[in-house]
Each structure stands twice: as structure tokens, then as C-alpha cells.
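Keep in mind that the numbers below use all heavy atoms, side chains included, and drop hydrogens, waters and symmetry copies. So that the names make sense, note that chain A is the first sequence line, chain B the second, and so on, each numbered from 1.
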Amino acid sequence: MDFTPLPASFYEPSAKVVAPRLLGHFLVRRSPEGLAGGVIVETEAYLTDDPSCHGFRRETPRNRSMYGPPGRAYVYFIYGNYYCFNAVCAPAGVAEAVLVRAIEPAFGVAWMQANRPVAGARELTSGPAKFCLALDIEREFDGTDLCSAESPLFIAQNPQAPMLRRRQGPIITTTRIGISVAEHLPLRFYLDGSDYVSKRERQVKRAKVHPAPK
DNA sequence: TAAGTGATGCAT
DNA sequence: TGCATCACTTAA
């Protein structure tokens with residue numbers, strides 16, 4: 001298999017344009033034991049004018065990568081336990097990114113299973129923190145150049161992506177998972193035919209409980 | 001359905 | 001400084 005990274009120009013448009021276009025391409029990890037990774041099957045866009053975006057308010061040490069040039073990684077630590085991976089979009093200075101929520105394992109699967117021993121096959125990578133565990137993606141990958149095949153982590157063009165989208169499609173657009181602001185925006189995209197999509201139905205909105213007045 | 005984990009950010 | 005919140009996962 002021949003891994004040609006997607007060029008930086010691929011990531012220059014808004015994340016809402018790039019997110020569905022990433023479906024079907026390869027997330028590739030250059031591990032000590034060879035290449036590992038798979039097909040991107042679920043993404044979400046986070047936009048510069050979107051209050052749920054980590055870069056909405058201002059640049060901070062945590063979100064610095066989002067403000068940098070397109071085609072780099074933005075990796076963040078969440079809930080005291082996990083990492084999530086994004087591809088930075090839009091020109092430098094504009095904080096947008098695509099959160100990759102699920103991949104379908106395609107190569108280096110034994111290494112991934114060793115990193116994340118779970119019973120069911122689909123449990124390996126069917127969630128944004130799950131595949132980061134399987135691919136050993138941690139804080140040090142924040143800022144990685146995704147457009148170089150020399151990088152320990154990059155995204156490669158899949159010549160079969162159009163065919164794969166036909167076979168695994170259609171692309172479903174829904175609201176994003178796990179956010180409490182701007183939750184109505186249709187910025188989540190997934191291949192309906194993939195077994196690795198993290199959640200099939202829109203998350204039930206939890207009732208917000210207000211404390212009783214004294 | 002709820003606990004667990006710790007960084008972040010806003011209020012004090 | 002304190003404390004609620006958080007782009008999640010797992011065990012029930």
C-alpha cells in the first residue's frame with residue numbers, strides 16, 4: 001500500500017468542508033513496529049465562530065495548535081484519562097479543526113490490539129479516545145505535521161476513498177456528540193455502513209437540573 | 001447510569 | 001485560590 005499524505009491545501013478550507021472530505025482516507029501511525037492505522041469513518045467540525053470550539057475564546061497553551069497552520073495535529077487531554085485527535089484546518093490565526101471520532105482498523109492491527117486489549121473487534125477504535133489508545137497517540141503528538149510521510153502520525157490519501165464512500169455510505173450528517181453549547185449544529189459526519197461509528201443515534205439530551213432557590 | 005480522572009477556565 | 005465543567009470510557 002502506498003501512503004501519500006494529503007497536502008496542507010486540503011486542510012485550508014473551513015473545518016465544516018474538510019470534515020466530510022476526510023471520510024474514507026487513512027489515519028497512519030508510524031510506530032516502532034511498523035505502520036498502523038485505518039480508514040477515517042467519523043468526524044466532527046469545530047469552527048472559529050462556534051462556542052463549543054476549544055479555540056473560540058482565545059489562544060492558550062492548550063489550544064495553540066488550532067491557531068497554527070492547517071494540516072497539523074491538535075491533540076488534547078480530556079476527562080483526566082484520555083486523548084482526542086484533531087486535524088487543524090483553516091489558515092493560521094483561524095482556530096478550526098476536525099475531530100476524528102472513529103477509524104476502521106486496516107493495518108498494524110496486532111500492534112493496536114496489544115495497545116488496547118478488548119474483547120470485541122469494533123471496540124478497538126470506535127470512539128475518539130479509543131483509537132488514540134490503540135494507536136498510542138498522546139500529548140507529544142500535539143502539533144505533528146500530518147502532511148509528511150516521515151511524521152510519526154499523518155493522514156494519507158486513499159485512492160479508494162470514492163469507492164469506499166459508495167460501499168460504506170451514505171454519509172450521515174448529525175449533531176455533535178457530548179457538547180452542551182451549539183449542540184444543534186449539523187457538524188458530525190459518518191459513513192453509515194461502517195461498524196466502527198461511535199454512536200448510532202443522537203445522544204439524548206440530559207435534562208439540566210437547576211439547584212432549588214433558597 | 002454513574003464513577004473516575006486531572007487540566008482548564010472562570011468566579012471569587 | 002476554589003470549584004464546576006469537560007469534544008470520554010468502562011463497569012454495572
> Residues in side chain to side chain contact (heavy atoms under 4.5 Å, CB included) with A:Q160, at least two apart?
Replying inline: A:N158, A:M163

>> Who clusters with A:F56? Use side-chain heavy atoms, under 4.5 angstrom, across I, L, V, M, F, W and Y, and order the result by chain and number.
In response: none

>> Please give the remaining members of the hydrophobic cluster of A:V17, linking ILVMFWY side chains under 4.5 Å, ordered by chain and number.
In response: none

>> Counting only heavy atoms and a strict 4.0 angstrom limit, can you tell me which residues of residues 13-24 of chain A come near DNA chain B?
In response: none

> Near DNA chain B, under 4.0 Å by heavy atom, which residues of residues 40-49 of chain A?
Replying inline: none

Which of these nucleotides, [options], is closest to any side-chain atom of [X]?
X: A:Y79; options: B:dA7, C:dC6, C:dA7; result: C:dC6
X: A:I177; options: C:dC8, B:dC10, B:dT5; result: C:dC8
X: A:F77; options: C:dC8, B:dT5, B:dG6; result: B:dG6

>> Going by side chain to side chain donor-acceptor pair (under 3.5 Å), name the pairs with one or both residues in residues 88-100 of chain A, residues two or more places apart or in two chains.
In response: A:S14-A:E96

> Which residue pairs satisfy the side chain to side chain donor-acceptor pair (under 3.5 Å) criterion with at least one member in residues 16-32 of chain A, sequence neighbours excluded?
Replying inline: none

Under 3.5 Å between N/O atoms: give me all the protein pairs with nucleotides 10-12 of chain C, atom names plus distance.
from: C:dT10; atom 1: OP1; to: A:R116; atom 2: NH1; distance (Å): 2.5
from: C:dT10; atom 1: OP1; to: A:R116; atom 2: NH2; distance (Å): 3.1
from: C:dT10; atom 1: OP2; to: A:R116; atom 2: NH2; distance (Å): 3.3

>> For the residue pair A:R188 / A:T174, report whether a side-chain donor-acceptor contact shorter than 3.5 Å exists.
In response: yes

> Regarding A:S198 and A:E42, is there a side-chain donor-to-acceptor distance under 3.5 Å anywhere?
Replying inline: yes

> Less than 3.5 Å between a donor and an acceptor, one on the side chain of A:Y76 and one on the base of C:dA7, is that the case here?
Replying inline: yes

> Considering heavy-atom distances to DNA chain C, does A:P128 or A:S180 have its closest nucleotide positioned more toward the 5' end?
Replying inline: A:S180

> What ring pair (Phe, Tyr, Trp, His ring centres under 6.0 Å) pairs are there with at least one residue in residues 83-106 of chain A, not counting sequence neighbours?
Replying inline: A:F77-A:Y83

> Of all residues at least two apart in sequence or in a different chain, which pass the salt bridge (charged side-chain N to carboxylate O under 4.0 Å, His left out) check with A:D192?
Replying inline: A:R200

>> Going by salt bridge (charged side-chain N to carboxylate O under 4.0 Å, His left out), name the residues that satisfy it together with A:E59, two or more places apart in sequence or in a different chain.
In response: A:R64

>> Does A:R116 form a salt bridge (charged side-chain N to carboxylate O under 4.0 Å, His left out) with A:D136? I'd like the steps, not just the answer.
In response: CA-CA 9 Å; A:R116 178 173 157 77; A:D136 192 27; over 6 Å; no

> Hey, where does DNA chain B pair up into stems, meaning at least three consecutive Watson-Crick or G-U pairs with distances under 3.5 Å?
Replying inline: B:1-4 with C:8-11, B:6-11 with C:1-6

